[in-house]
Amino acid sequence: MVQIFACAAFILILCNLIGQLWVNRWEKYQDSLWMATIMGMITLFAVFQVAAVPAIYLKWKLHVLVIYMAVVMLALCAASVFQLYKSRGAYYTHQLQKIRTAVKNKRNIWLLVAAVLILYQTYYAAFYEAGNGDDVRYIGAVVDAVDTDEMLMYHPATGEYLREIASEFWKDAAAPILMFWAMWCRLLHINASTFTHIVIALFMVPLAYGAAYLMGYKLCREDNRRTGMFLCVYCLYHFVNHVLPIESIGKTIYYMRWGKSVLYCFLIPLTIFFLMEMLDTKKGVSQYIRLGTVLLGGCLSSTMACVMLPALTGVWAVCDGIYNRSVRRFLVPLLLCVPPVCYALYYVHFAS
């Protein structure tokens, strides 16, 4: 049990450390704990996606990606630690002050209620959520990759060695989130089934609600009281959607080991947040770099993300470009959609 919580905490801390490289020069969110953590995870998504897709098609071993990610993480963490050293740890000191102030402020009561609901749902998703039939393929592919060092070469239901990527596995090759989980299992030396069913929920459910908080904060005009109420309703939506017989499996926050849930509960709210941020920012290259990283990293979760996130961004770009009469605000977001669309076309080409 200690190892389980330690692994989840390690991943969150690592993501927060890497995310410092993003928020350090982002004045508006320079002291945002969740923004740093989310940007750290999105960075790892994007870095893994770029290397994993060709590695899977070339039939490389899993340990090659593990070594690659370990080197990248060490380099990013070293850069972040050096940056924090120059600031003498001011960021984390300020975070403690923010938490104390938030607890004492009576206007944040709804945020505290939402925090309790989020903690409950995180615990429930990790320790009480039952498995589903699709876990045979999803979790089986992770277990096979960890045990055999081969990526998507074994049929998860029969254990047959396929020699080639076959059938529906082309989807997992273009959006290899299963291999992302397998990479963490190897890196942390933890049982693959335990990691996918328990540990993932312990860090991905808070990250998903962190993205929802950022989106709600913008929608509620940066009012903590209204944002807290928004989060409470959002939590109850997931709870009700889960217990009713009309539940849409794989699209709720309780199945964050699945790429579909990561897309619907984490990436779509995060993309909406960044698009709203761009409405407030008329100039600056950094806004496009952040959005581009989200679109690229989002490809890791699902082939649906290769279509849905660019579609969402494209519609926004057309409307925003026309409204502001700006070719740049129309063209640049569309160019950022090129990598996800290429991954989608690559999948369609090989799957057909």
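Side-chain atoms of Asp149 come within 3.5 Å of backbone atoms of His63 as a donor-acceptor pair (strictly under, hydrogens ignored). Side-chain atoms of Glu150 never come within 3.5 Å of backbone atoms of Ala145 as a donor-acceptor pair (strictly under, hydrogens ignored). In this structure a side-chain-to-backbone donor-acceptor pair under 3.5 Å is present from Tyr68 to Val47. Using modelled atom types, one side-chain atom of Arg329 and one backbone atom of Met278 make a donor-acceptor pair closer than 3.5 Å. With hydrogens and angles ignored, the 3.5 Å screen pairs no side-chain donor or acceptor of Asn324 with any backbone N or O of Ser326. In terms of modelled atom types and a separation under 3.5 Å, the side chain of Gln83 and the main chain of Gln20 share a donor-acceptor contact.
Open room surrounds CZ on Phe10; 12 or fewer heavy atoms of other groups in view lie less than 6.0 Å from it. Within a 6.0 Å radius of CH2 in Trp60, other residues, nucleotides and ligands contribute 12 heavy atoms or fewer.
Residue Ser80 holds its OG atom at 8.0 Å from CD1 of Ile18, rounded to the nearest 0.5 Å. Between the CG atom in Leu231 and the SG atom in Cys220 there is a gap of 8.5 Å [rounded to 0.5 Å]. Taking CG from Leu296 and OH from Tyr343, the interatomic distance works out to 5.5 Å, rounded to the nearest 0.5 Å. Between the CZ atom of Phe48 and the OG1 atom of Thr43 there is a distance of 15.0 Å, given to the nearest 0.5 Å. Summarising the geometry, atom CE belonging to Met308 is positioned 10.0 Å from atom OG belonging to Ser301; distances are rounded to the nearest 0.5 Å. To the nearest 0.5 Å, the span separating CG on Asn16 from CD1 on Ile38 amounts to 10.5 Å.
For the pair Leu309/Leu263, a side-chain contact is recorded, criterion being any heavy-atom separation below 4.5 Å from C-beta on. Looking at heavy atoms from C-beta onward, Phe274 lies out of side-chain contact with Trp316 at the 4.5 angstrom threshold. The shortest distance between side-chain heavy atoms of Thr196 and Tyr138 does not fall below 4.5 Å. Using a 4.5 Å heavy-atom threshold, the side chains of Trp22 and Met35 count as separate. Using a 4.5 Å heavy-atom cutoff, the side chains of Trp110 and Arg226 are not in contact. Annotation: side chain of Met183 is not in contact with side chain of Met151 (no heavy-atom distance under 4.5 Å). The shortest distance between side-chain heavy atoms of Met153 and Lys59 falls below 4.5 Å. Proximity of Phe266 to Met256: side-chain heavy atoms (C-beta onward) are separated by under 4.5 Å at one or more points.
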Show your working on ring pair (Phe, Tyr, Trp, His ring centres under 6.0 Å) between Tyr237 and Tyr209 and close with a plain yes or no. CA-CA 12 Å; Tyr237 160 76; Tyr209 276 116; over 10 Å; no
Please evaluate residues Val307 and Thr303 with respect to the criterion side-chain contact (heavy atoms from CB on, under 4.5 Å), reporting the C-alpha separation (whole Å), side-chain torsions for both, the decisive distance (0.1 Å), and the verdict. CA-CA 7 Å; Val307 177; Thr303 47; over 6 Å; no
Trace of the side-chain contact (heavy atoms from CB on, under 4.5 Å) decision for Thr194 with Gln3: CA-CA 11 Å; Thr194 301; Gln3 184 188 12; over 6 Å; no
Show your working on ring pair (Phe, Tyr, Trp, His ring centres under 6.0 Å) between Tyr213 and Tyr217 and close with a plain yes or no. CA-CA 6 Å; Tyr213 165 78; Tyr217 193 63; 5.7 Å; yes
Could you check Val199 against Phe5 for side-chain contact (heavy atoms from CB on, under 4.5 Å), going step by step and ending with a plain yes or no? CA-CA 7 Å; Val199 179; Phe5 283 102; over 6 Å; no
Test log, rule side-chain contact (heavy atoms from CB on, under 4.5 Å), inputs Lys28 and Glu222: CA-CA 12 Å; Lys28 191 173 182 179; Glu222 302 183 0; 3.2 Å; yes
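Among all heavy-atom pairs drawn from Cys15 and Leu44, the shortest one is SG-CD1, 4.0 Å. Shown here for Cys306 and Pro340, the closest heavy-atom pair between the two residues is CB-O, 3.4 Å. In this structure, Trp181 and Arg257 approach most closely via the heavy-atom pair NE1-O, 3.1 Å. When all heavy atoms of Ala52 and Pro176 are compared, the pair lying nearest together is CB-CG, 3.7 Å. Nearest heavy atom pair, residue Leu202 against residue Thr122, reads CA-CG2, 3.9 Å. Annotation for Cys235 and Ala114: closest pair SG-O, 4.3 Å, computed over non-hydrogen atoms.
Cluster membership check: Leu279 shares its hydrophobic cluster with Leu291, using side-chain heavy-atom separations under 4.5 Å among Ile, Leu, Val, Met, Phe, Trp and Tyr. Put simply, Val64 and Leu188 are part of two different groups of oily side chains (I, L, V, M, F, W, Y) that touch within less than 4.5 Å, one to the next. Cluster membership for Leu295 and Val315, using ILVMFWY side-chain heavy atoms within less than 4.5 angstrom, is not shared. Under the 4.5 Å side-chain heavy-atom criterion for grouping Ile, Leu, Val, Met, Phe, Trp and Tyr, Leu312 is connected to Leu300 within one hydrophobic cluster. Under a hydrophobic clustering in which Ile, Leu, Val, Met, Phe, Trp and Tyr are joined whenever their side-chain heavy atoms come within less than 4.5 Å, directly or via other members, Ile322 and Leu334 fall into the same cluster.
Aromatic rings from Tyr57 and Tyr346 are positioned such that their centres are separated by under 6.0 Å. Checked against the 6.0 Å centroid criterion, the rings of Tyr120 and Tyr254 do not qualify as a close aromatic pair.
Relative ring orientation between His238 and Tyr234 is described as perpendicular, the plane-to-plane angle rising above 60° on a 0-90° scale split at 30° and 60°.
Cation-pi check for Arg290 over Trp26 is met; the charged atom lies under 6.0 angstrom from the ring centroid and within 45 degrees of its normal.
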